[in-house]
Novice: 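Here it is, the structure in full.
The sequence lines fix the lettering, A, B, ..., with proteins before strands; numbering per chain opens at 1.
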Number of protein chains: 2
Amino acid sequence: MSTEEITNYLAKNDVKPSFQRLSIYQYLISKKNHPTADTIYKELMPNIPTLSKTTVYNTLKLFVDKGVAIAINIEDNEVRFDADTSTHGHFKCEKCNHIYDLTIDVSTLKFENLNDYLIKEAHFYFKGICEKCQKNNINNN
Amino acid sequence: MSTEEITNYLAKNDVKPSFQRLSIYQYLISKKNHPTADTIYKELMPNIPTLSKTTVYNTLKLFVDKGVAIAINIEDNEVRFDADTSTHGHFKCEKCNHIYDLTIDVSTLKFENLNDYLIKEAHFYFKGICEKCQKNNINNN
DNA sequence: GTATCTGCAAAACATTTGCAATTCT
DNA sequence: AGAATTGCAAATGTTTTGCAGATAC
C-alpha cells in the first residue's frame, strides 16, 4: 500500500491524514504486530521526536471510531490495535507472547438463539502454545 | 448449589473458603451478571461492611488462577468475571449493556492451521443489539 | 503459635481531559 | 484568519503493592 493509497483510504473513511496519523497507520499495516499504544509511541519516537503519547491515543481512538482499526482485548491489562478490520481471530502464545492472526470461517459457527441477536462485531480470542514453542519445549503441560 | 457444595468445590480447586471468598463466589453464581470487581464490592458492602476492594481484587485473581472463574474482556475499559468456566460465548448489547451467555458448539468452528496451535483457552465476544432492544426500537442502524 | 488472610493507605499504570501552541488550507 | 490537530501537564480511574493487624487451624 503506497502512501497515496493510504491517504485516500483514510480520507474515504473520514480520517484527515496528518503526518502523525499516516505514520501510525503505516506502522500498523507494515508491522502487523498488534501493538499497544505504548509500543507504537516507543517505536515511532526515534523518527518523530515531537510525537506525544496523547496523539497516539487520540489517533487510535479516531481509527477505531472511523472503522479503520480495531481494538484487541485478548489480555485484561493492555489494549492492542490492528488495522485489519475484517472479522478474524487472534491466538496469543503463552510462551513467546506472539499474537497470531487466525482466518476463521465464521459461516461454520453455530450457537443457540443465533437469530435473536443482531451482531455488529465479533471477536475470537485463543490462548495456548504456538507450534514453534511446542517444538522448542517438550514440557508444555 | 448449597454453601457446603461451594465450600467443597472451592477446596477441591485449592481455594481455601474464607467468608469473603464464599460470599464473592456465591454472588457470582447466583447473579450470573458478569460483574466487575467494583460492582461486586458495591453489592456486597451492605452485607459485609468491613469488606475492602483489595480483598475483592485478591479473591478474583485467586479464582482465575485456580480456575474457578474466568475474566471477560469484552470491553477495553473494564474486566468482568464469570464463575462459569466452561467454554462459551458472550454477547453484549450496545443498547441495554446486558451481557448474554451464548452456548457455542465449538466443534463446528474451523480455522486455518488449527492443528498448529495447542489451545488452552477460547473466548468468543459479540457486540450488537439483543432481541429485546431490537423490538423496542426500530432505528437500530 | 505459625501461617494465611484481610484491609488500609500509598503507589503504579494506563488512559483521558483541559488548554495553549502549532499547523494546515 | 479560521478550523483542526498536536502535545504538555494535570487529572482520573483501575489495579497492585507493602505492610500491620486480625483470623484460622
Side-chain angles (χ1 to χ4, degrees), chain A residues 3-4 6-8 10-11 13-27 34-66 68-81 97, chain B residues 3-4 6-8 10-11 13-27 34-66 68-81 97:
Chain A
T3 303
E4 199 189 326
I6 294 173
T7 303
N8 289 336
L10 292 180
N13 284 280
D14 204 24
V15 174
K16 284 176 192 158
S18 71
F19 177 68
Q20 287 85 339
R21 290 170 181 177
L22 279 169
S23 303
I24 293 172
Y25 190 81
Q26 205 136 29
Y27 178 87
H34 315 95
T36 62
D38 192 62
T39 301
I40 296 171
Y41 173 72
K42 287 201 174 79
E43 295 259 315
L44 293 182
M45 259 302 263
N47 310 313
I48 315 169
T50 63
L51 185 67
S52 81
K53 226 177 222 188
T54 303
T55 298
V56 177
Y57 278 108
N58 285 343
T59 302
L60 291 170
K61 184 192 260 288
L62 181 73
F63 283 178
V64 172
D65 284 352
K66 299 301 185 184
V68 300
I70 55 168
I72 299 172
N73 300 316
I74 199 166
E75 289 292 348
D76 55 18
N77 58 353
E78 59 179 27
V79 185
R80 289 160 167 269
F81 295 89
N97 289 321
Chain B
T3 303
E4 199 189 326
I6 294 173
T7 303
N8 290 336
L10 293 180
N13 285 280
D14 205 26
V15 174
K16 285 174 193 159
S18 70
F19 176 67
Q20 287 84 341
R21 290 170 182 177
L22 280 169
S23 302
I24 293 172
Y25 190 80
Q26 205 136 29
Y27 179 86
H34 316 95
T36 62
D38 193 61
T39 301
I40 295 171
Y41 173 71
K42 287 202 174 80
E43 295 257 316
L44 294 182
M45 260 303 264
N47 310 314
I48 315 170
T50 64
L51 185 68
S52 82
K53 228 178 218 185
T54 302
T55 298
V56 177
Y57 277 109
N58 286 342
T59 301
L60 291 170
K61 184 192 258 286
L62 181 73
F63 282 179
V64 172
D65 285 352
K66 299 301 185 184
V68 300
I70 55 168
I72 299 173
N73 300 315
I74 199 166
E75 289 292 348
D76 55 18
N77 59 351
E78 60 179 25
V79 186
R80 290 161 168 268
F81 295 90
N97 288 321

Novice: Could you tell me whether a side-chain N or O of A:Thr7 sits under 3.5 Å from a main-chain N or O of A:Thr3, the two making a donor and an acceptor?
Specialist: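 Pair found, side chain donor or acceptor close to backbone of A:Thr3.
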
Novice: Need one value for A:Thr55: base, sugar-phosphate or nothing, where a base atom within 4.0 Å counts as base even if backbone is also close, heavy atoms only.
Specialist: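 Contact class for A:Thr55: base.
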
Novice: For B:Ile48 and A:Phe19, take the nucleotide of DNA chain C holding the closest heavy atom to each; which residue's nucleotide lies nearer the 5' end?
Specialist: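 This one resolves to B:Ile48.
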
Novice: Sub-3.5 Å donor-acceptor pair from the side chain of A:Thr59 to the main-chain atoms of A:Thr55, do we have one?
Specialist: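 At least one qualifying donor-acceptor pair exists.
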
Novice: Report the residue (B:Arg21 or B:Tyr41) whose heavy-atom-nearest nucleotide on DNA chain C is the more 5′ of the two.
Specialist: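 Checking each residue's closest nucleotide, the 5'-ward one belongs to B:Arg21.
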
Novice: May I ask you to decide if A:Pro35's main-chain N or O and A:Arg80's side chain share a donor-acceptor pair within less than 3.5 Å?
Specialist: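 Not confirmed, A:Arg80 side chain does not pair with A:Pro35 backbone.
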
Novice: Does B:Thr54 put a side-chain nitrogen or oxygen below 4.0 Å from OP1 or OP2 of D:dT15?
Specialist: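 So the side chain of B:Thr54 is outside the cut-off, no N or O lying under 4.0 Å from OP1 or OP2 of D:dT15.
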
Novice: Does B:Thr50 place a side-chain N or O at less than 4.0 Å from the phosphate oxygens OP1/OP2 of C:dT6?
Specialist: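 The answer is no; no side-chain N or O of B:Thr50 sits under 4.0 Å from OP1 or OP2.
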
Novice: Indicate, with a heavy-atom threshold strictly under 4.0 Å, whether A:Gln20 touches base, sugar-phosphate, or nothing.
Specialist: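 The answer is sugar-phosphate, as A:Gln20 gets under 4.0 Å only of primed atoms, P, OP1 or OP2.
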
Novice: Expressed in angstrom and rounded to an integer, what is the separation of B:Asn73 atom CG from D:dT14 atom P?
Specialist: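 Going from B:Asn73 (CG) to D:dT14 (P), I get 15 Å.
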
Novice: Do B:Tyr25 and B:Phe63 make the cut of ring centroids closer than 6.0 angstrom?
Specialist: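 Ring-ring flag for B:Tyr25/B:Phe63: true, centres closer than 6.0 Å.
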
Novice: Counting side-chain heavy atoms from CB outward, which of D:dT5, C:dG7, D:dT15 is closest to B:Leu51?
Specialist: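 Closest nucleotide among those given: C:dG7.
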
Novice: Starting at atom CG of A:Leu62, determine the distance to atom C1' of D:dT5, rounded to an integer number of angstrom.
Specialist: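 Result: 11 Å.
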
Novice: Rounded to the Å, how far apart are A:Glu78 CD and D:dT16 P?
Specialist: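 After rounding, the gap between these two atoms is 13 Å.
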
Novice: Does a nitrogen or oxygen in the side chain of A:Thr36 sit under 4.0 Å from OP1 or OP2 of C:dA14?
Specialist: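 For A:Thr36, the contact criterion (side-chain N or O under 4.0 Å from OP1 or OP2 of C:dA14) is not met.
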
Novice: What is the separation between atom NZ on B:Lys53 and atom P on D:dG13, rounded to the nearest whole Å?
Specialist: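 Checked: the NZ to P distance equals 10 Å.
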
Novice: Using atom CG of A:Asp14 as one end and atom P of D:dT5 as the other, report the distance to the nearest whole Å.
Specialist: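 Rounded to whole Å, this separation is 10 Å.
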
Novice: Go through C:dC5, D:dT5, D:dT6 for me and flag the one nearest to the A:Ser18 side chain.
Specialist: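 Selected nucleotide: D:dT6.
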
Novice: In this structure, how many angstroms lie between the P atom of C:dA14 and the CD atom of B:Glu75, rounded?
Specialist: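 Going from CD in B:Glu75 over to P in C:dA14 covers 20 Å.
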
Novice: Take the protein atom CG of A:Asp76 and the nucleotide atom P of C:dA14, then report the distance between them rounded to whole Å.
Specialist: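 Distance check: A:Asp76 CG to C:dA14 P gives 13 Å.
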
Novice: Could you tell me whether B:Asp65 and B:Lys61 make a salt bridge, using a distance below 4.0 angstrom between a side-chain N and a carboxylate O?
Specialist: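 B:Lys61 and B:Asp65: not salt-bridged.
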
Novice: Record whether the side chain of B:Ser52 comes under 3.5 Å of the base of C:dC8 through a donor-acceptor pair of N or O atoms.
Specialist: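 No such pair is found, so the answer is no.
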
Novice: Please report the distance, rounded to the nearest Å, between NZ in B:Lys61 and C1' in D:dT17.
Specialist: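 The distance from NZ of B:Lys61 to C1' of D:dT17 comes to 11 Å, rounded to the nearest Å.
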
Novice: Does C:dT15 have OP1 or OP2 under 4.0 Å away from a side-chain N or O of A:Tyr57?
Specialist: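 For C:dT15, OP1 or OP2 has a side-chain N or O of A:Tyr57 closer than 4.0 Å.
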
